[in-house]
Amino acid sequence: MGSFFSTMFTPPPAADEGDSAVVAVHSMATWDEQWGAHKSNPNKLIVIDFSASWCGPCRFIEPAFKEMASRFVYAVFFKIDVDELSEVARQWKVEAMPTFVLIKGGKEVSRVVGAKKDELERKINMFISSSSS
């Protein structure tokens, strides 16, 4: 009986990004550190998810983005909230959410605007394949 009540009052695990391969960037210092660590590697694909907490399509595609991050281990996945880091969003000319920017060697190689899971996955596959050849 005690275990029944303890499960009733035990909160569920937090739905944070603790076990996700996606790096959530919440400050310019973190962005500068992460960008500096990865931008110069010409073979490393960087995928940035520019989103907003109030954006319905962003929330819709988030589980798929996290799943891709766990599957495509040769890429680095970042999530940036445009309201927190508007300067970074401006730098990458983000005008709609979600926008996914794909980067290699510090330069944009492609982007997907909108919650287009299949298109995003196809482009990630394409640029990861070109890294390993």
Side-chain angles (χ1 to χ4, degrees):
M1 185 98 159
S3 64
F4 171 76
F5 285 116
S6 64
T7 58
M8 252 177 63
F9 295 107
T10 303
D16 63 8
E17 295 149 32
D19 62 346
S20 174
V22 177
V23 178
V25 181
H26 298 286
S27 71
M28 279 305 293
T30 303
W31 170 247
D32 290 342
E33 176 186 327
Q34 292 293 330
W35 177 245
H38 297 291
K39 73 175 178 181
S40 59
N41 183 340
N43 295 319
K44 178 68 78 174
L45 178 65
I46 300 171
V47 184
I48 307 174
D49 172 9
F50 286 98
S51 62
S53 58
W54 47 263
C55 167
C58 300
R59 290 193 305 268
F60 173 76
I61 198 167
E62 185 174 11
F65 187 70
K66 287 181 177 182
E67 187 274 326
M68 286 182 223
S70 65
R71 210 166 11 106
F72 295 113
V73 296
Y74 296 108
V76 179
F77 288 74
F78 295 120
K79 179 178 180 177
I80 294 180
D81 185 310
V82 297
D83 293 324
E84 289 179 352
L85 293 175
S86 58
E87 183 179 327
V88 178
R90 267 194 304 279
Q91 172 189 344
W92 290 101
K93 297 177 176 54
V94 173
E95 296 176 353
M97 277 72 66
T99 293
F100 301 93
V101 178
L102 286 73
I103 300 161
K104 278 183 119 172
K107 297 191 180 358
E108 179 175 338
V109 292
S110 190
R111 75 171 47 204
V112 175
V113 179
K116 301 173 185 166
K117 175 185 171 280
D118 294 339
E119 182 181 345
L120 178 61
E121 189 164 358
R122 183 178 51 76
K123 287 187 176 188
I124 291 170
N125 262 319
M126 182 173 73
F127 288 106
I128 284 189
S129 300
S130 68
S131 294
S132 55
S133 53

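Starting from 1, each residue takes its place in the sequence as its number.
- Hydrophobic clustering places Val109 together with Val112 (ILVMFWY residues linked when any side-chain heavy atoms are closer than 4.5 Å, directly or through intermediates).
- Across all non-hydrogen atoms, the minimal contact from Asp83 to Ala52 is OD2-CB, 4.1 Å.
- Arg122 contributes atom CZ, which lies 8.0 Å from atom OG of Ser110 (distance to the nearest 0.5 angstrom).
- In plain terms, the two heavy atoms of Cys58 and Met97 that are nearest each other are SG-CB, 3.6 Å.
- Separating the CD atom in Glu84 from the OG atom in Ser27 is a distance of 9.0 Å, to the nearest 0.5 Å.
- Not counting sequence neighbours, the partners of Arg71 by the salt bridge (Lys or Arg N to Asp or Glu O under 4.0 Å) test are Glu67, Glu121.
- Annotation: side-chain contact (heavy atoms from CB on, under 4.5 Å) contacts of Ser86 (sequence neighbours excluded): Arg90.
- Note that CD1 of Ile124 and CE of Met68 are 5.5 Å apart. Values are rounded to the nearest 0.5 Å.
- Taking every heavy atom of both residues into account, Ala64 and Lys117 meet most closely at CB-CD, 3.7 Å.
- Within a 6.0 Å radius of CD in Glu87, other residues, nucleotides and ligands contribute 12 heavy atoms or fewer.
- Listed by chain and residue number, nothing satisfies the salt bridge (Lys or Arg N to Asp or Glu O under 4.0 Å) test with Glu95 (two or more places apart in sequence, or in another chain).
- In terms of modelled atom types and a separation under 3.5 Å, the side chain of Lys79 and the main chain of Val22 share no donor-acceptor contact.
- Counting only heavy atoms from C-beta outward, the side chains of Val88 and Phe78 never approach each other to under 4.5 Å.
- Residues Pro98 and Pro57 share a closest heavy-atom pair of CD-CB, 3.9 Å.
- When the side chains of ILVMFWY residues are joined at heavy-atom separations under 4.5 Å, either directly or via intervening members, Phe60 and Val113 end up in two distinct hydrophobic clusters.
- Annotation: side chain to side chain donor-acceptor pair (under 3.5 Å) contacts of Asn125 (sequence neighbours excluded): none.
- When hydrophobic clusters are built by joining Ile, Leu, Val, Met, Phe, Trp and Tyr residues whose side-chain heavy atoms come closer than 4.5 Å, directly or via intermediates, Val101 is grouped together with Leu85.
- A continuous path of ILVMFWY side-chain contacts below 4.5 Å connects Trp54 to Val94, so both sit in one hydrophobic cluster.
- Atom CH2 in Trp31 sits 3.5 Å away from atom CD1 in Ile48 (nearest 0.5 Å).
- Checked against the 6.0 Å centroid threshold, Trp35 and Trp92 count as a close aromatic pair.
- Each of Ile46 and Tyr74 belongs to its own hydrophobic cluster when Ile, Leu, Val, Met, Phe, Trp and Tyr are linked at side-chain heavy-atom distances under 4.5 angstrom.
- Rounded to the nearest 0.5 angstrom, Glu33 CD and Met28 CE are separated by 12.5 Å.
- Glu108 meets the salt bridge (Lys or Arg N to Asp or Glu O under 4.0 Å) test with Arg111; sequence neighbours excluded.
- Each of Phe65, Phe127, Phe77, Phe50 was checked for a ring pair (Phe, Tyr, Trp, His ring centres under 6.0 Å) with Phe100, and the lone residue meeting it is Phe65.
- Separation of atoms OG (Ser51) and CD1 (Ile80) is listed at 9.0 Å; rounding is to 0.5 Å.
- Remark: Asn41 pairs with Asn43, Lys44 by the side-chain contact (heavy atoms from CB on, under 4.5 Å) rule, at least two apart or across chains.
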